Amino acid sequence: MKNYFLIIILLFGVINVYSQSVSNNLYLVIDQKNDTILRENPKSNTKIEYYQINKKKNWNLSLRHIYSPNYVKNNYRYQLPSVMVEQLMNNGNVTDIKTFLKKFDKLSYKKLSQYLSIHYSYYYEYLDGHLKKTYKRYNIFLIFKSDLKNKYVPCYEVSLILSRMVEM
Amino acid sequence: MKTLPKRVLLIITILFILTSCEKEKLNSQREEIGSKIEFNRKEITFLEFQEKINSKDKILKKILKNRDSKLIDSLDFVTGIDESSIVEIQRNGITTYTARVYTKTDSINDFTNLLVKNSGNETEIHFFRYFPSEDYQMAMLNSITQPFEGVIQSLDKDGYVKDEIVVIEGETQSRSAPAQCTFSFDLVWRCNFGANHPPGYPNCHGGSVVIGYNVRWTCTSGPGGGGSNNPDPNPNPGSGGSGDGGDDECYDCLPTEPIPGEEECTTSLCTLDTVLEPNALEAGTRLWMSSQYRQALLSDVLDFIIYENDNSNESKLFSIEGMEAERNGGEVDFEDKIINELKGKEKCLDNLLKESGNDFVKNMIANFVGDDSEFGINIKSKDNVYYTDEDGEISEVSGITKYSSDSNIIKIEISTLKANSRRALQVTRTLLHEYIHADIFRKVYSDSINSEIENFRKTYNDYKNTKFQPTASHQTMAELYLNSMKEALKNFHRQAMVGDYNFLSNNGQNNLDDFYEAIAWQGLRNQNVDAWINLSQDRKEEIDDAYQQYIFAATYNCPN
């Protein structure tokens, strides 16, 4: 029984390490000067929010970095050495957020939902007492353009919230 | 020594004569000016305006029927009139009326006046649009009186520019638009002491103020000359193109409120301009807010933005929508962040629902009320409501709910046409359905972290991520809200529509539960939601039967 339990723990560990591997992540660069970033209120659980609205295709996409004490599903926040960020840039893991979202302009709500799920989501698995639980996370992080000059670049994982803009 | 008094006497006499001449000259100048400027200006009420104007002109008739910026017709250039700014001007036997109007093409830095001239049995109407220069705006903000500077356009009834002049220091500089009528402009001044004096007149020590415009057209005939050869099919404004150039005069008034600028504010309206982003408030709404009758609303708005919400963007957006709603006859609760622009039957039912609704309804609406609520609601009636699906197909629907991340106001639109053609319980169902959509948006986008929202999002995301045909919102509504909706309708029917309930239930002898469930399913069953598909065929038939049995006997009316 103990061995079985250890195997499960090991399996979770492998999956999580793989899913959180830096090379699998997408890093979106936002410019604090030019991009609209919401939630500057420190009391808010959502520390950073960037959104995209597509009236024509009837969807609203919100990228939120959530962090709150006593909350178990907080987004990651870590720092990468600038050398590593340069490598990620060369590998195509880092892109301007507007450029990234621009390609969704012609996607319907359904197509966008599928695209984001297929390309960037994974199920984060954890143990809640003796119960195995999962929830969906995305391999998408925000980094600020102004931080790119620093020796260590802060990266903020985001939760994606997608809905239609108009419901009948 | 004897000659000295004689000389002194001579000098005194000469001085007396000279002084007398000067006085006589001044008196004659005053009389001349007085006879030229017989100018009476008084503010009149909208009712007085209605009584004084007897015109067959279609546009004027519409304006006179619709008070205080109510929408006249979506096709009309003029969309409303500011009833607080109507002025009657009498000069040289001519009476004109001027009032600020709202138009479809208003912008933040201009304003448009309607000018009505009664001459005999005929009534002429003209529109003038004023574009004050920045210097002039600054002067107004600092309460400095100076001659008008800027551009003035004469517009026709459809809003097209007929003529345009540039005015610098009160004098016409140029005329750019080709026209058969030349267009001139003079200022009419009044001394602050009350007499009619031009500026600089010696006795006008208190300074002069502009009290009106003298707007004059001189229309000539077209090429070839001759009164009968007037090329202008519609000679208004002007004298109609007499061959030798007939003259006509009208008198218009400048606004007395400051026009927005960046200087330190001394008025609430200026503060509002400073607080909001440039052009954030629609020009017509800003003009409407400038009325003295909107001072209380203006104070509420400024308190809400500055003191209660620390200049947050959300409070500004809500305020803009609130002011526009008030202008359209809606009700705004700044404290609870609720804008209500419902009308007629749907308004009556919505009020009843809020008064008599069960705990489900009250709790749901309470989530949008109060200082702690993240989201506000703007619910309004529209003649027709349309929904565009993902394939671009447009269909007319009974209601829609909208949310986008650039605002914390969830907007609900209810179709008046559909509401009027449907039974009262069906309209109540539409209101509930849209409030539930708003509640779903609230839970999806809330910043709060609690178990209720976590559980809800799990259901919502499961539908969003795995099943793409019906919307996640409708799937969730069918799974989590349907029973509550059915109970809410049942409670509402019994409490608020007693007559209809007694009639349909035969004074409580018939069980209407299946009928309420059938109504609750409207708007969901056709969306292919799993919860409906999973019902047995027998159950579906029971629900359909109950619907057919009672719906045609249910009342259309909202009980008042």
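As the structure is a prediction and not an experimental result, all values here were calculated from the model. Just the heavy atoms: all of them, side chains too, but no hydrogens, waters or symmetry mates, feed the values below. Just so it is clear: chains get the letters A, B, ... in the order the sequence lines come, proteins before strands, and each one is counted from 1.
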>> Quick check on A/Leu116 against chain B: is it the side chain, the backbone, both or neither that has a heavy atom closer than 4.5 Å?
In response: neither
> What part of B/Val444 gets closer than 4.5 Å to chain A, counting heavy atoms only: side chain, backbone, both or neither?
Replying inline: both
>> Less than 4.5 Å to any heavy atom of chain A: does that hold for the side chain of B/Glu413, its backbone, both, or neither?
In response: neither
> Taking the six-membered ring for Trp, are the ring centroids of A/Tyr156 and A/Tyr78 within less than 6.0 Å of each other?
Replying inline: no
> Highest number of heavy-atom pairs under 4.5 Å with chain B: which of A/Lys56, A/Met165, A/Glu167?
Replying inline: A/Glu167
> Given that the side chain runs from C-beta out, which part of B/Ser448 has a heavy atom under 4.5 Å from chain A: side chain, backbone, both or neither?
Replying inline: backbone
> Does any heavy atom of chain B fall under 4.5 Å from the side chain of A/Lys55, the backbone, both, or neither of them?
Replying inline: neither
> For B/Asp406, is it the side chain, the backbone, both or neither that has a heavy atom under 4.5 Å from a heavy atom of chain A?
Replying inline: both
>> Below 30° counts as parallel, above 60° as perpendicular, anything between as tilted: where do the rings of B/Tyr403 and B/Tyr445 land?
In response: tilted
> Between the main-chain N or O of A/Asn93 and the side-chain N or O of A/Asn91, is there a donor-acceptor pair closer than 3.5 Å?
Replying inline: no
>> By the definition side-chain contact (heavy atoms from CB on, under 4.5 Å), identify the one residue from A/Val94, A/Leu26, A/Ile143 that meets it with A/Leu88.
In response: A/Val94
> How far apart are the closest heavy atoms of B/Ala520 and B/Met485, and which atoms are they?
Replying inline: O-CE, 3.8 Å
> In terms of the angle between their ring planes, are A/Tyr76 and A/Tyr124 parallel, tilted or perpendicular, with boundaries placed at 30° and 60°?
Replying inline: perpendicular
